[in-house]
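Here is the structure we will look at.
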2 protein chains.
Amino acid sequence: MSATPSETLPLACRRHDHQSCIEGAITTAAKICQAKAVKLTPLRRQVLALVWQSHKPLGAYTLIDMLAAADTRRVAPPTVYRALEFLLEHRLIHRIDSLNAYIGCPDPGHHHHNYFLICLDCGIAAECPTQYLSPAIEAAATAAGFAISSQSVEIVGRCPACRKHADA
Amino acid sequence: MSATPSETLPLACRRHDHQSCIEGAITTAAKICQAKAVKLTPLRRQVLALVWQSHKPLGAYTLIDMLAAADTRRVAPPTVYRALEFLLEHRLIHRIDSLNAYIGCPDPGHHHHNYFLICLDCGIAAECPTQYLSPAIEAAATAAGFAISSQSVEIVGRCPACRKHADA
DNA sequence: TAGACTATGTTATTATATAACGTTTTTTAT
DNA sequence: ATAAAAAACGTTATATAATAACATAGTCTA
């Protein structure tokens with residue numbers, strides 16, 4: 001296994017000040033919502049913060065449980081699904097189809113293509129930009145006469161940290 | 001919109017003798033199972049045939065309904081899920097994560113990477129080989145230190161036929 | 001301040017998938 | 001041939017994910 005310079009490692013896989021991930025995500029989201037004149041209500045903000053508790057995608061019902069643990073109140077599924085819908089619509093989170101789960105978007109507020117590297121051991125999902133992938137995908141779709149409207153690229157494997165563990 | 005030479009169109013998007021798709025899939029599957037000494041039982045064969053009725057991914061419960069319509073007997077979910085599990089395991093079908101649905105594999109019996117072009121109008125899903133995509137994906141994963149174990153590339157858009165309709 | 005709109009609450013239900021256990025059929029070893 | 005084991009399928013119940021439909025509360029605006 002060749003060494004991977006830490007600069008190329010996705011943030012999710014690197015040691016970092018995660019508290020600032022969370023705070024940054026919230027303040028950026030607040031700005032985006034303000035600019036769009038839509039409301040980041042307390043519930044939506046709370047769901048966003050919970051999604052950002054880690055770099056691991058979380059299911060809707062897990063979020064319900066987390067809300068209950070934080071709040072004593074237990075919201076019903078539609079409540080959390082509506083918050084997720086809002087966050088998806090304004091591109092503050094992504095949905096990981098292969099996991100039925102949701103994760104914070106590190107480059108929020110606008111449409112962009114990306115792919116996810118998902119670790120089957122620790123559950124981390126690292127979002128990466130498709131600068132290299134995207135042209136190939138677009139060329140493939142064009143060749144087949146398809147007009148792309150959305151795409152989902154989810155790569156499951158083992159992250160650097162879990163590979164080290166597995167080797168040991 | 002530029003004309004797309006019909007040679008580059010995925011089979012699913014071209015006029016073709018679909019009956020021979022179905023028959024070919026069944027006979028190939030039978031050969032593969034024989035070679036592997038596993039059993040393509042009547043139920044498994046029937047589910048495979050149903051999955052191949054079209055080039056559109058079908059949900060498990062749709063398959064249950066189709067079985068009931070064909071047979072008068074109505075199987076319970078575990079029955080059809082077990083058949084699907086077998087067909088997945090031996091790489092005779094694929095699961096489309098973004099649709100919770102299953103589709104016949106045109107290149108069955110062995111592991112291979114691919115991507116799907118899925119039409120949001122007619123539901124067709126065309127499986128394409130990732131000859132061009134795959135190196136980019138592998139390079140991306142390697143750069144991030146990930147060891148790939150599986151991947152899912154699902155591109156949603158509008159197929160050539162539905163684009164023509166939409167233009168009209 | 002009435003009306004419209006937005007957000008959330010509430011109840012019920014639909015859709016997808018699996019656990020656990022029982023029965024039947026097939027295979028294998030003797 | 002036949003008992004033991006394994007594989008396939010049946011059956012019941014339940015887990016998990018998502019949404020429909022309607023009620024209530026809060027907010028904005030004319």
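Numbered from 1 within each chain, the chains take letters A, B, ... in sequence-line order.
- Distance, Asp71(B) CG to dG10(D) C1': 15 Å, rounded to whole Å.
- Ring pair His90(B)/His110(B): centre-to-centre distance not below 6.0 Å.
- Here dA18(D) presents its P atom at 12 Å from CG of Asp97(B), a figure rounded to the nearest Å.
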**Full working for side-chain hydrogen bond (donor to acceptor under 3.5 Å, both in side chains) between Ser98(B) and Glu154(B)** = CA-CA 7 Å; Ser98(B) 62; Glu154(B) 298 171 12; 2.5 Å; yes
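- Spacing between atom CZ of Arg74(A) and atom C1' of dT8(C) amounts to 17 Å, rounded to whole angstrom units.
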**Criterion side chain to side chain contact (heavy atoms under 4.5 Å, CB included) on Ile148(A) and Ile137(A), from CA distance to verdict** = CA-CA 9 Å; Ile148(A) 298 184; Ile137(A) 288 176; 4.0 Å; yes
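- Taking the nucleotide of DNA chain C with the nearest heavy atom to each of Gly59(B) and Ala83(A), the more 5' of the two is matched to Ala83(A).
- Rounded to an integer number of Å, the gap from Asn100(A) CG to dT16(C) P is 11 Å.
- If you check every strand for non-hydrogen atoms under 4.0 Å, Arg73(A) touches sugar and phosphate atoms only.
- In this structure, Phe86(A) atom CZ and dC5(C) atom P are separated by 19 Å, rounded to whole Å.
- No hydrogens or angles considered: nothing links the side chains of Glu23(B) and His18(B) as a donor-acceptor pair under 3.5 Å.
- Leu58(A) has its CG atom 15 Å from the P atom of dT16(D), to the nearest Å.
- Comparing dA17(D), dT11(C), dA7(C) against the side chain of Thr41(A) picks out dA7(C) as the nearest.
- Using a 4.0 Å cut-off between charged side-chain N and carboxylate O, Asp107(A) and Arg91(A) make no salt bridge.
- Taking only side-chain nitrogens and oxygens, Thr79(B) never comes nearer than 4.0 Å to OP1 or OP2 of dA8(D).
- One donor-acceptor pair, N or O on each side, does fall under 3.5 Å between the base of dA18(D) and the side chain of Tyr61(A).
- The CG atom of Leu99(A) sits 16 Å away from the C1' atom of dA18(D) (whole-angstrom rounding).
- OP1 or OP2 of dA18(D) lies within a sub-4.0 Å distance of a side-chain N or O belonging to Tyr102(A).
- A donor N or O paired with an acceptor N or O is found under 3.5 Å between the base of dG10(D) and the side-chain atoms of Arg82(B).
- When rounded to the nearest whole Å, the span between OH of Tyr81(A) and C1' of dA15(C) equals 11 Å.
- Between Pro77(A) and Lys39(A), the residue anchored nearer the 5' end of DNA chain D, judged by the nucleotide with its closest heavy atom, is Pro77(A).
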